[in-house]
Amino acid sequence: MATAAVLTLPELLETIMRHLDMKTLLLSQRVDRQWKSVIKSSKVLREKLFLSIRPCTTGSHAVTLNPLLTRQRHNDENDYCPDEWLFALDPFTLPLHASARRMYISDQGGIMRVKYVTSKVGMMCTASGLVPYIQEGAPEEDRWLHSGRDIINLRMWEANYTGQTLDGFLAKVTESQRRRKLMFLGFEWTSSNWEACSRPYRAVNDSQ
């Protein structure tokens, strides 16, 4: 009875939740409406889940990546690259209501820069998987030139995405690809890698 009474008090419940690991805290939203409401209204818990950006008060420009969305990239010698990362899950197949879509990729709104993109020519990533990509205004005879089996590797150093949720990040990436009139939309999430940094490589429209 005493335990049940404690869990009905939002202030005490929040205090307990602060000690949970990130994944358990995220799943706690499914317990009931009260638990979900406590997490939603708590600045500390929202920051812990990367649902809010944490203000930088230390003067440090270090970027902490969301461990549920990202994983460290390792080079061929199995040494990790501290500023480079890959996605830890397929961002294109998440349900529309998934909390991960509203999460930020880093805790302080650091810049996520395209390091190396791998994709299939003539294809676009959707929640249903890879589908043929038809560029807007493309002549009918040019629409099916690519089978999707060709792989393209592309460096896009000038594209910077600052302080984005996962949904916002994906939208900016695909919009950047459309503006450059690339022959694909999206990317291979298992192999494309990104760089976390505190300042843009150079001032371009994508950094706005």
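Keep in mind that this is a model prediction, so the values were computed, not measured.
Among residues two or more places apart in sequence or in another chain, the salt bridge (charged side-chain N to carboxylate O under 4.0 Å, His left out) test is passed with D90 by none. Residues meeting the side chain to side chain contact (heavy atoms under 4.5 Å, CB included) test with S191, sequence neighbours left out: T118, E188. In this structure L89 satisfies the side chain to side chain contact (heavy atoms under 4.5 Å, CB included) test together with L69, L94, sequence neighbours excluded. Partners of S52 according to the side chain to side chain donor-acceptor pair (under 3.5 Å) rule, which considers only residues two or more places apart in sequence or in another chain, are R46. Under the side chain to side chain donor-acceptor pair (under 3.5 Å) criterion, D167 pairs with R101, sequence neighbours left out. Partners of S42 by side chain to side chain donor-acceptor pair (under 3.5 Å), not counting sequence neighbours, listed by chain and number: E14. Annotation: side chain to side chain contact (heavy atoms under 4.5 Å, CB included) contacts of F187 (sequence neighbours excluded): F87, P91, F92, V117, L170, V173, W189, S192, W194. F50 meets the ring-ring contact (aromatic ring centres under 6.0 Å, His included) test with no other residue; sequence neighbours excluded. Listed by chain and residue number, T24 satisfy the side chain to side chain donor-acceptor pair (under 3.5 Å) test with D21 (two or more places apart in sequence, or in another chain). In this structure T126 satisfies the side chain to side chain contact (heavy atoms under 4.5 Å, CB included) test together with M124, S128, V131, sequence neighbours excluded. Every residue was checked against the salt bridge (charged side-chain N to carboxylate O under 4.0 Å, His left out) condition with R71, not counting sequence neighbours, and none meets it.
In this structure, L68 and L26 approach most closely via the heavy-atom pair CD1-CD2, 3.8 Å. Listed here is the closest heavy atom pair of M112 and I105: SD-CG2, 3.7 Å.
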Residue pair S37, R33: steps toward the side chain to side chain donor-acceptor pair (under 3.5 Å) verdict: CA-CA 6 Å; S37 176; R33 291 181 179 178; over 6 Å; no
